[in-house]
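Everything numeric in this text was worked out from a predicted model, so none of it was measured.
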Amino acid sequence: MTMDEKVLNLKQELETLEANMAESTFWNDKEKAQATIRRISELKLEIAGEGKYDVGDAVMTIFSGAGGDDAEDFSTILLNMYLKFCSKKNFSVSVLHENENDHGGFRNVTIEISGPSTSSGQGKIGPYGVLKNESGVHRLVRISPFNAKSLRHTSFSMVEVIPKFEKTKGVNDIVIPDDELKVEFSRSSGPGGQNVNKRETAVRLVHIPTNISAQSDNERSQAQNKEKAMQILQGKLYKALEEERVSKEKGMYISKTTQIEWGNQIRSYVMHPYKMVKDHRTNVETAKIDDVLSGDLDEFIEAEKTLN
């Protein structure tokens with residue numbers, strides 16, 4: 001079905017729904033009325049091609065920027081912040097890949113976030129719709145616990161949030177030909193007993209045209225890790241295409257590779273010489289940094305919804 005045919009069908013469905021709403025008996029059935037209103041909102045979003053995966057689950061990766069132990073410790077702080085936020089929202093979290101240093105910090109870590117969708121002003125919304133605008137560079141300013149002179153240090157970490165593509169869903173949207181895919185295998189550090197370290201169960205996939213990659217090493221078999229890595233890669237490509245579409249609509253140029261450094265941050269967390277968390281896109285700020293790092297992100301996330 002072409003896009004024109006799809007839009008025409010949706011338009012006809014909208015007209016049918018609106019005709020039903022005109023019936024005098026329609027509004028006597030409150031549940032039917034509310035369901036129809038929700039369906040109209042969903043159809044309008046579908047016509048616009050927006051929010052397609054907002055109702056679904058998410059995959060989040062946190063990358064450490066320059067700064068050694070400080071940056072890797074900041075990635076751990078961010079991970080704990082999002083874990084606490086997910087707990088408050090009754091989202092479940094599983095680790096797909098982690099690269100940990102000797103001090104317990106993460107060079108990078110990937111988690112899968114799943115949970116029930118809830119109603120919002122724009123219809124149903126799931127973990128991806130809630131967290132997608134958290135993508136970007138985050139900046140931390142504090143007295144470094146790794147500096148013998150107790151000097152102030154600035155650290156950066158990148159957060160990437162993509163939709164989770166189910167095995168039977170999304171494949172028609174993002175199709176990756178075999179000749180555009182490079183597959184790499186390595187030993188896994190995940191669960192699986194004694195055999196896991198003897199066999200190359202970890203899988204890394206690279207999309208050759210864009211050099212976008214995805215990795216999974218926490219499943220028990222090579223096949224399972226490859227399937228999981230493919231889902232992540234599809235999500236990353238979808239996210240990249242969405243960012244390109246938005247930039248074209250706004251007449252902007254967005255770099256394919258955002259540097260994890262000063263000037264690119266979307267949010268700053270300042271612990272010294274004062275306490276403040278500020279989102280540089282919405283100008284929302286608070287001095288309650290301890291609450292924010294304990295997962296109280298609703299004020300920022302609600303403001304971020306107006307960005308798209």
Taking C-beta and beyond as the side chain, do [X] and [Y] meet within less than 4.5 Å on heavy atoms?
{"X": "Ile125", "Y": "Val130", "result": "yes"}
{"X": "Lys275", "Y": "Asp290", "result": "yes"}
{"X": "Glu72", "Y": "Glu100", "result": "no"}
{"X": "Glu219", "Y": "Val203", "result": "no"}
{"X": "Lys239", "Y": "Ser135", "result": "yes"}
{"X": "Thr201", "Y": "Asp217", "result": "no"}
{"X": "Pro273", "Y": "Arg152", "result": "yes"}
{"X": "His280", "Y": "Ile266", "result": "no"}

Donor-acceptor pair, distance only, cut-off 3.5 Å: does the side chain of [X] make one with the backbone of [Y]?
{"X": "Asn133", "Y": "Glu304", "result": "yes"}
{"X": "Asp70", "Y": "Ser155", "result": "no"}
{"X": "Asn218", "Y": "Val95", "result": "yes"}
{"X": "Lys236", "Y": "Ser213", "result": "yes"}
{"X": "Thr76", "Y": "Phe106", "result": "yes"}
{"X": "Asn99", "Y": "Asn108", "result": "no"}
{"X": "Glu184", "Y": "Arg204", "result": "no"}
{"X": "Glu134", "Y": "Leu131", "result": "no"}

On a heavy-atom basis, which atom in [X] and which in [Y] lie closest, and how many Å separate them?
{"X": "Thr282", "Y": "Ala303", "value": "CG2-O, 3.7 Å"}
{"X": "Val161", "Y": "Lys132", "value": "CG1-CA, 3.9 Å"}
{"X": "Tyr238", "Y": "Phe165", "value": "CB-CZ, 3.8 Å"}
{"X": "Phe146", "Y": "Asp69", "value": "CE1-O, 3.7 Å"}
{"X": "Ser64", "Y": "Ser75", "value": "OG-OG, 2.7 Å"}
{"X": "Arg142", "Y": "Pro145", "value": "CZ-CD, 3.6 Å"}

Membership question, hydrophobic clusters at under 4.5 Å side-chain separation (ILVMFWY): are [Y] and [X] in the same one?
{"X": "Tyr128", "Y": "Val59", "answer": "no"}
{"X": "Ile232", "Y": "Ile113", "answer": "no"}
{"X": "Phe74", "Y": "Ile62", "answer": "yes"}
{"X": "Ile174", "Y": "Val206", "answer": "no"}
{"X": "Ile77", "Y": "Phe300", "answer": "yes"}

Legend entry - Lys288 atom NZ, neighbour heavy-atom count above 12 within 6.0 Å: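 No.
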
Inset, instruction - Step through the shown structure and confirm whether more than 12 heavy atoms of other residues, nucleotides or ligands are within 6.0 Å of CG on Asp102. - result: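 No, because the 6.0 Å sphere around CG of Asp102 holds 12 heavy atoms or fewer from other groups.
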
Inset, instruction - Name the orientation class of the two ring planes belonging to Phe85 and Phe91 (parallel below 30°, tilted from 30 to 60°, perpendicular beyond 60°). - result: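 Judged by the thresholds at 30° and 60°, the geometry between Phe85 and Phe91 is perpendicular.
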
From [X] atom [atom1] to [Y] atom [atom2], the distance as rounded to the nearest 0.5 Å:
{"X": "Ile208", "Y": "Ile176", "atom1": "CD1", "atom2": "CD1", "value": "11.0 Å"}
{"X": "Leu233", "Y": "His207", "atom1": "CG", "atom2": "NE2", "value": "7.0 Å"}
{"X": "Gln224", "Y": "Ser216", "atom1": "CD", "atom2": "OG", "value": "9.0 Å"}
{"X": "Thr61", "Y": "Leu96", "atom1": "OG1", "atom2": "CG", "value": "8.0 Å"}
{"X": "Glu227", "Y": "Met230", "atom1": "CD", "atom2": "CE", "value": "10.0 Å"}
{"X": "Ile212", "Y": "Leu237", "atom1": "CD1", "atom2": "CG", "value": "5.0 Å"}

Legend entry - Identified side chain to side chain contact (heavy atoms under 4.5 Å, CB included) counterpart of Met271 within the set Val141, Ile143, Ile289: Ile289

Inset, instruction - Output, in order, the C-alpha distance, side-chain angles, deciding distance and verdict of salt bridge (charged side-chain N to carboxylate O under 4.0 Å, His left out) for Lys84 and Asp291. - result: CA-CA 11 Å; Lys84 291 172 182 177; Asp291 291 345; over 6 Å; no

Inset, instruction - Could you walk me through whether Tyr269 and Leu78 pass the side chain to side chain contact (heavy atoms under 4.5 Å, CB included) test, one step at a time? - result: CA-CA 10 Å; Tyr269 307 76; Leu78 288 175; 3.9 Å; yes

Legend entry - Intermediate values then yes/no, side chain to side chain contact (heavy atoms under 4.5 Å, CB included), Gln215 and Thr110: CA-CA 9 Å; Gln215 182 168 333; Thr110 300; over 6 Å; no

Legend entry - side chain to side chain contact (heavy atoms under 4.5 Å, CB included) evaluation trace for Tyr82 with Val159: CA-CA 11 Å; Tyr82 287 119; Val159 175; 4.1 Å; yes

Inset, instruction - Go through the steps for Met60 and Leu79 under the test side chain to side chain contact (heavy atoms under 4.5 Å, CB included), then give the verdict. - result: CA-CA 9 Å; Met60 174 184 286; Leu79 174 64; over 6 Å; no

